[in-house]
Amino acid sequence: MKSALITGASRGIGRAAALRLAADGYAVAVNYKNSEEKARAVVDEIRSEGGVAMSVCADVSSPSDIERMAEKVLSEFSGVDVLVNNAGISRTGLVTDVTVDEWNIISDTMIRGTFLCTQKILPSMIAKKSGSIINISSIWGICGASCEVAYSTAKAAVIGFTKALSKEVGPSGIRVNCIAPGVIDTDMNRCHGEDVMRELAEETPLGRIGTPEDIANLISFLASAEASFITGQIITADGGLTV
């Protein structure tokens, strides 16, 4: 059985990806930092459908946490075939009001976290000469968002990481791709309020906000053999918002 590790998988896009990959037949490791109950609920849902899953607590910005998580998952699943670097955090505000601590926690979670998780899982993929790494960025990492400079910067770095790594590990049979979601109906975006979300839906050519399942479906495709000739790509899934 193939296996997948998804960071930040207790809710939102990560949760939807865990459920979708489990439905695709993967054994799934559900990473979480604080939401233990929600992560266990994802695992229970997968198991109730006959799937294989485990939850694993780790702060993706912590080298020691990632070391322990990698050892646990690689031992339990005898390797990882798909790594989804999804864990993320956002802060909204003028760049002049962003504190150094706020800047660091955003960059540590998304840039450092993506690097650390990849670095620890990659050797097992290289040994098998196969694997798929899927990084979750954002449309704001492409075009930038006012009052989200730190977030946009971190997501742009994930794009650069994806492109460079795809060239480095392609000869080892490993594919590295990036998804740049638009406005998705998750807890992170619900803080904007119903009026703002409604306006964003109206501005989107497809006339709606995206769902976590929309992104999970794309993750499923990029993880599959059908995407075997796709690597180094930044795929936007935003309903046409940035067209």
Side-chain angles (χ1 to χ4, degrees), residues 4 6-24 28 30-46 48-49 53 55 60 82 84-93 106 109-110 113-114 134-152 154-156 158-159 177-223 234-243:
I6 305 168
T7 65
S10 65
R11 58 183 181 172
I13 291 172
R15 175 184 179 276
L19 296 176
R20 176 56 197 264
L21 290 181
D24 290 343
V28 178
V30 176
N31 161 257
Y32 69 96
K33 179 182 178 183
N34 298 313
S35 305
E36 180 178 6
E37 186 175 339
K38 290 182 179 180
R40 287 185 175 178
V42 176
V43 170
D44 289 343
E45 185 170 350
I46 290 171
S48 71
E49 296 295 328
S55 61
V60 296
V82 176
V84 182
N85 287 308
N86 167 73
I89 187 171
S90 177
R91 294 285 190 277
T92 301
I106 290 171
T109 299
M110 293 186 285
T114 296
I134 303 166
N135 300 319
I136 306 302
S137 179
S138 167
I139 56 171
W140 308 132
I142 297 173
C143 61
S146 175
C147 295
E148 291 191 70
V149 171
Y151 180 82
S152 299
K155 288 301 192 182
V158 170
I159 289 173
N177 290 291
C178 180
I179 298 173
V183 182
I184 307 299
D185 185 16
T186 63
D187 291 346
M188 184 182 293
N189 284 322
R190 288 185 195 121
C191 66
H192 296 306
E194 291 184 8
D195 290 342
V196 172
M197 295 295 278
R198 189 179 303 110
E199 289 175 5
L200 288 168
E202 291 173 354
E203 293 173 13
T204 301
L206 287 182
R208 69 175 177 87
I209 297 300
T211 68
E213 289 72 25
D214 289 325
I215 308 304
N217 291 338
L218 184 50
I219 290 171
S220 172
F221 169 69
L222 289 174
I234 316 305
I235 303 174
T236 301
D238 67 353
L241 184 61
T242 56
V243 171

Distance check, rounded to the nearest 0.5 Å: [X] atom [atom1] versus [Y] atom [atom2]?
| X | Y | atom1 | atom2 | result |
| --- | --- | --- | --- | --- |
| Ser137 | Ile142 | OG | CD1 | 6.5 Å |
| Ile235 | Leu222 | CD1 | CG | 4.5 Å |
| Lys155 | Cys143 | NZ | SG | 13.5 Å |
| Asn177 | Ile234 | CG | CD1 | 7.5 Å |
| Glu37 | Ser10 | CD | OG | 11.0 Å |
| Ile106 | Glu148 | CD1 | CD | 8.5 Å |

* Thr211 backbone acceptor or donor facing Asp185 side chain under 3.5 Å ->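 Side chain of Asp185 to backbone of Thr211, a donor-acceptor pair under 3.5 Å: no, none is there.
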
* Taking it one step at a time, do Tyr151 and Met110 satisfy side-chain contact (heavy atoms from CB on, under 4.5 Å)? -> CA-CA 9 Å; Tyr151 180 82; Met110 293 186 285; 3.6 Å; yes

* To do: Take Arg40 and Glu36 through the salt bridge (charged side-chain N to carboxylate O under 4.0 Å, His left out) test and state the conclusion after the steps.
  => CA-CA 6 Å; Arg40 287 185 175 178; Glu36 180 178 6; 2.6 Å; yes

* Asked: Could you go step by step and tell me if Asn217 and Ser220 meet the side chain to side chain donor-acceptor pair (under 3.5 Å) rule?
  -> CA-CA 5 Å; Asn217 291 338; Ser220 172; over 6 Å; no

Heavy-atom pair with the smallest gap, counting every atom of [X] and [Y]:
| X | Y | result |
| --- | --- | --- |
| Thr186 | Pro212 | CG2-CG, 4.1 Å |
| Ala180 | Ile139 | O-CG2, 3.6 Å |
| Gly239 | Pro205 | O-CD, 3.4 Å |
| Ala223 | Val82 | CB-CG2, 3.8 Å |
| Ile13 | Pro181 | CD1-CG, 4.2 Å |
| Leu218 | Ala237 | CD2-CB, 4.2 Å |

* Checking salt bridge (charged side-chain N to carboxylate O under 4.0 Å, His left out) for the pair Glu45/Arg15: CA distance, chi angles, key distance, verdict? -> CA-CA 11 Å; Glu45 185 170 350; Arg15 175 184 179 276; 3.0 Å; yes

* Verify side-chain contact (heavy atoms from CB on, under 4.5 Å) between Asp238 and Thr204, making sure each step is shown before the conclusion. => CA-CA 8 Å; Asp238 67 353; Thr204 301; over 6 Å; no

* **side-chain contact (heavy atoms from CB on, under 4.5 Å) evaluation trace for Glu203 with Leu241** => CA-CA 7 Å; Glu203 293 173 13; Leu241 184 61; 4.1 Å; yes

* Asked: Are the side chains of Val60 and Lys33 in touch, meaning some heavy atoms are under 4.5 Å apart?
  ->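 A side-chain contact is absent here, since even the closest heavy-atom pair is not under 4.5 Å.
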
* Asked: Under the side-chain contact (heavy atoms from CB on, under 4.5 Å) criterion, do Val158 and Ile136 qualify, and how do the steps go?
  -> CA-CA 8 Å; Val158 170; Ile136 306 302; over 6 Å; no

* To do: State which residue, out of Val28, Ile46, Asp24, fulfils the side-chain contact (heavy atoms from CB on, under 4.5 Å) condition with Leu19.
  =>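 That would be Ile46.
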
